[in-house]
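Have a look at the structure below, then the notes.
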Amino acid sequence: MTTSTLHLATLQVGPRTLLLVSAVVVLVLCPLVIYLLQRAQIVDRANNRSSHKGVVPRGAGVVFIPAILCGAWLGHVWNEPTGLALILVIIVFALLGLTDDFLSLPASLRLCSQVLIALVFVSQLTSTDTTSSPLWLLLCGAFWIVFFVNAFNFMDGINGISAVTGALASAAIASSCIAHEINAPAVIAISICGSSIAFLPYNVIRAKCFMGDVGSYFLGGALSSLTVVAITEGIPWPEVFFPLALYIGDVTTTLVRRARRGDRLFQAHREHSYQRLANELGLGHTKTTLLVAAATFSLSALGVVGKDHAFISTLAAVAIVGGYVALPEIDRI
């Protein structure tokens, strides 16, 4: 396998071309989208729970949709049932997020919609198998997608964190798919990587825009759906789950802590580890995002090198995530 092409059955363009095209689409469209959001007053105004100051346009993550459509067209993803299902579920999640950015949907309606989308996707995916999949597997896949879409949304609270995580996680998944010669997920993951990288100039240091629910639902839906497809295609689970482990660990520990206190789980707060590191402990947005990026990169690398030693690599991954989650407490001692 050379670096110039993926050498997959239907892919006629190289990964660099896919990466570049998706990045250019985001870079070109972002200024226009920011202008339109400002005109429409779709903005986030800072309050006592915010990690930003002032007024920032929200919903710029809508640029991910044309970027991934261009990548899908170049990679001939439409010709594959799995690729078509992936594109549709990602776009539907993004449109749900976009609707929420504009209308602020009730939490119950958002959750019910997410469950329905996930169930339809997983049932469609499993229907392509030669043997019928058991109900428990269908429910587990749908639960995972819904959980991670919300987890990604919860974690989208400081500049750059979601775009960096989206870029690193999708790059790791793309590498695994390329190595196993799985076309559609590879194309989609590369397009997501390029889109996420191109979004960073508008969202790091001093954010010119936020990706909003449309962006976090897009990335959360994309990464979780890609992991489901990757697992069904036989890719070792550490390769696709370890890049997402930091988000899973941060959200899970925060939800458990709040549940034990009897707090409302879907109420806005600033108790995630990344929020405490950035705000309470004074690391700020950039340093916290770099810390998350370093941990996610380490976990992604561990998923590849440790795939043949799942028990040891899992212990190492737990140690990385546990150390990150414990950082705010350690600093207080």
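Side-chain atoms are counted along with the backbone in the values below, which use heavy atoms only and exclude waters and symmetry mates.
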Checklist entry - After noting the C-alpha distance and the side-chain angles of Ile42 and Phe210, does the key distance pass the side-chain contact (heavy atoms from CB on, under 4.5 Å) rule? => result CA-CA 10 Å; Ile42 309 300; Phe210 295 149; over 6 Å; no
Item to check | Within residues 104-118 or reaching into it, pairs that qualify as salt bridge (charged side-chain N to carboxylate O under 4.0 Å, His left out) - sequence neighbours excluded | outcome: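 Qualifying pairs, neighbours excluded: Asp100-Arg110.
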Is there a continuous path of hydrophobic side-chain contacts, each under 4.5 Å between heavy atoms, that joins [X] to [Y]?
{"X": "Ile90", "Y": "Leu19", "answer": "yes"}
{"X": "Leu290", "Y": "Tyr202", "answer": "no"}
{"X": "Val92", "Y": "Leu219", "answer": "yes"}
{"X": "Val120", "Y": "Phe148", "answer": "no"}
{"X": "Trp73", "Y": "Ile188", "answer": "yes"}

Would you confirm whether [X], through its side chain, and [Y], through its main-chain N or O, come within 3.5 Å as a donor-acceptor pair?
{"X": "Thr227", "Y": "Ser224", "value": "yes"}
{"X": "Asn183", "Y": "Val77", "value": "no"}
{"X": "Arg258", "Y": "Arg264", "value": "yes"}
{"X": "Thr288", "Y": "His285", "value": "no"}
{"X": "Arg257", "Y": "Glu271", "value": "yes"}
{"X": "Thr165", "Y": "Ser162", "value": "no"}

Checklist entry - How does the hydrophobic cluster around Ile205 look, that is, which other residues are in it when side-chain heavy atoms under 4.5 Å mark a link? => result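 Other cluster members: Val164, Leu168, Leu200, Val204, Phe297.
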Tell me, do [X] and [Y] make a side-chain contact under 4.5 Å, heavy atoms counted?
{"X": "Phe241", "Y": "Thr314", "answer": "no"}
{"X": "Phe242", "Y": "Ser313", "answer": "yes"}
{"X": "Leu299", "Y": "Pro243", "answer": "no"}
{"X": "Leu95", "Y": "Ile65", "answer": "yes"}
{"X": "Asn159", "Y": "Thr289", "answer": "no"}
{"X": "Arg270", "Y": "Glu280", "answer": "no"}
{"X": "Val122", "Y": "Trp144", "answer": "no"}
{"X": "Phe154", "Y": "Tyr247", "answer": "no"}

Taking all atoms of both residues into account, what is the closest heavy-atom pair of [X] and [Y], and its distance?
{"X": "Ala118", "Y": "Phe93", "result": "N-CZ, 4.4 Å"}
{"X": "Val228", "Y": "Gly141", "result": "CG2-O, 4.4 Å"}
{"X": "Gly166", "Y": "Phe152", "result": "N-CZ, 4.4 Å"}
{"X": "Ala317", "Y": "Leu302", "result": "N-CD2, 3.4 Å"}
{"X": "Gln114", "Y": "Asn150", "result": "OE1-ND2, 2.6 Å"}
{"X": "Cys177", "Y": "Pro185", "result": "SG-CB, 3.6 Å"}

Checklist entry - Tyr274 and Leu246: side-chain contact (heavy atoms from CB on, under 4.5 Å), yes or no, with the steps? => result CA-CA 10 Å; Tyr274 79 91; Leu246 202 74; over 6 Å; no
Checklist entry - Aromatic rings Phe147 and Phe143: how do their planes relate, parallel, tilted or perpendicular, breaks at 30° and 60°? => result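 Parallel, since the angle between the ring planes stays under 30°.
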Output the distance between atom [atom1] ([X]) and atom [atom2] ([Y]), rounded to the nearest 0.5 Å.
{"X": "Leu20", "Y": "Ile190", "atom1": "CG", "atom2": "CD1", "value": "12.5 Å"}
{"X": "Leu86", "Y": "Gln124", "atom1": "CG", "atom2": "CD", "value": "11.0 Å"}
{"X": "Cys193", "Y": "Leu18", "atom1": "SG", "atom2": "CG", "value": "11.0 Å"}
{"X": "His272", "Y": "Asp156", "atom1": "NE2", "atom2": "CG", "value": "11.0 Å"}
{"X": "Ile197", "Y": "Leu27", "atom1": "CD1", "atom2": "CG", "value": "10.5 Å"}
{"X": "Leu226", "Y": "Thr82", "atom1": "CG", "atom2": "OG1", "value": "11.0 Å"}

Listing, residues 56-64 side-chain donor-acceptor contacts under 3.5 Å, not counting sequence neighbours, or none:
unit_1 : atom_1 : unit_2 : atom_2 : d
Arg58  : NE     : Asp101 : OD1    : 3.3
Arg58  : NH1    : Val43  : O      : 2.8
Arg58  : NH1    : Asp44  : OD1    : 2.9
Arg58  : NH2    : Asp101 : O      : 2.6

Item to check | Intermediate values then yes/no, side-chain contact (heavy atoms from CB on, under 4.5 Å), Leu98 and Tyr217 | outcome: CA-CA 9 Å; Leu98 183 64; Tyr217 279 31; over 6 Å; no
Next on the checklist: Pair His269, Thr254 - check side-chain contact (heavy atoms from CB on, under 4.5 Å), show working.
Outcome noted: CA-CA 10 Å; His269 59 84; Thr254 302; 3.6 Å; yes
